[in-house]
Amino acid sequence: MALVQTEAIVLRTYNLAEADRIVLCLTRSAGLVRGVARGARRLKSRFGGALEPFTVIALTFHEKENRELVSLSQTEILKSYFDLASDPSVAGALAYMSELLVEFAAPHEADEKLFRMVSACLSAVGDNPDDVQPVLRYFEMWLLRLSGFLPDYRSCSECRATLDDAGIYVNAESRPRCHQCSRGAGTLVINETRESMSATQKLSPIEFARASRSLTAAAREQFADLTHRLLLGVLEKRPRTSGSWFPFEVNTGASQPG
Ligand SMILES: [Zn+2]
């Protein structure tokens, strides 16, 4: 039985039996981990408030070979975002982040970049909860990129022509194409959206959120539309926790070519 110590972000908890909890967390050194916190629902639990969603903790757990479920032994709160949960729109956005992480993060596989990205996004929301929407765009872009699902918007996905000076046209799946390949069927990505998308790759979430405050409504909507279509393409379903900012229903029909 191996003892693992790592930093972790609590994503979700479920009740188990009379006094226990199943805890799902994103860890720095072991990726997505599902564990049992024995006695966590007792009044004087050793876990205290450490298992509230989105608490950043120093976690110690026992791992058994060939057992997916680990056993949580110690937790220490490093940073609590408990107060964010009182704002329903922020709480909803965090639940959405958590759902996407459960879908995208690899179980028991360290992903330092993903962990750092999620920590930085949380810290940006903590810094200014009003920035939660731009932080979500940042999170979605990076989640797609780190999992290999973000198309390269610098070149046409069909003929590979550089799209630097020519416009970028996107189809319903948010794939980038040149004017010629789109044959007039795509949506032109406005410059502001394009610049904002590329800013996610250069700035921290806090810097990006600040820069996004001056975006026009058209660019915000287009950006959200792009990332949500990409996510729908990967997940093949609308995230259960997504709110009004995620306006699409899954297209159950065959996807249209072109
Ligand atoms: Zn092309």
Side-chain angles (χ1 to χ4, degrees), residues 96-97 99-101 103-106 111 113-114 116-118 120-121 133-205 207-239 242-258:
Y96 167 75
M97 280 172 72
E99 181 179 353
L100 291 188
L101 284 168
E103 294 283 352
F104 281 85
D111 188 339
K113 278 187 183 161
L114 178 67
R116 284 212 316 260
M117 186 276 282
V118 178
C121 285
Q133 282 300 318
V135 173
L136 283 186
R137 294 300 87 71
Y138 188 97
F139 169 80
E140 291 162 345
M141 283 287 283
W142 272 99
L143 195 64
L144 287 160
R145 178 169 170 189
L146 293 174
S147 50
F149 291 110
L150 187 69
D152 183 356
Y153 286 95
R154 291 167 305 180
S155 60
C156 173
S157 59
E158 284 180 29
C159 72
R160 301 285 153 202
T162 305
L163 295 173
D164 282 351
D165 297 314
I168 303 176
Y169 292 80
V170 287
N171 62 6
E173 286 82 42
S174 293
R175 300 273 139 205
R177 290 179 308 178
C178 67
H179 181 251
Q180 211 172 356
C181 292
S182 75
R183 292 176 293 275
T187 309
L188 178 65
V189 179
I190 57 177
N191 277 340
E192 213 190 342
T193 309
R194 188 170 148 180
E195 280 160 18
S196 183
M197 287 168 76
S198 98
T200 58
Q201 310 299 302
K202 296 167 196 151
L203 303 177
S204 71
E207 291 164 339
F208 175 76
R210 284 184 192 146
S212 299
R213 288 176 197 162
S214 58
L215 277 186
T216 60
R220 278 170 216 259
E221 278 168 29
Q222 190 171 48
F223 194 157
D225 187 271
L226 272 159
T227 52
H228 295 157
R229 284 177 192 278
L230 287 170
L231 287 167
L232 274 181
V234 178
L235 299 171
E236 298 179 323
K237 64 182 180 193
R238 189 177 194 261
S242 59
S244 56
W245 69 83
F246 201 115
F248 303 111
E249 293 301 334
V250 184
N251 181 2
T252 48
S255 67
Q256 298 286 317

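Note that ligands are numbered from 1 as they come in the structure, with each ligand's atoms numbered from 1 the same way.
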| query | For F208, which residues count as a ring pair (Phe, Tyr, Trp, His ring centres under 6.0 Å) partner, sequence neighbours excluded? | reply | Y138
| request: Report the residues that fulfil salt bridge (Lys or Arg N to Asp or Glu O under 4.0 Å) with E103, sequence neighbours left out, ordered by chain and then residue number. | output: K237
| task | Take the angle between the ring planes of F149 and F104 and call it parallel below 30°, perpendicular above 60°, tilted in between. | result | perpendicular
| Pair R137 + E140, salt bridge at N-O below 4.0 Å | yes
| field | Which residues share a salt bridge (Lys or Arg N to Asp or Glu O under 4.0 Å) with R145, sequence neighbours left out | value | none
| task | Give me the protein N, O or S atoms that fall under 2.8 Å of the Zn ion (ligand 1), sorted by chain and residue number. | result | C156 SG, C159 SG, C178 SG, C181 SG
| Rounded to the nearest 0.5 Å, how far apart are CG of L226 and CD of E173? | 12.0 Å
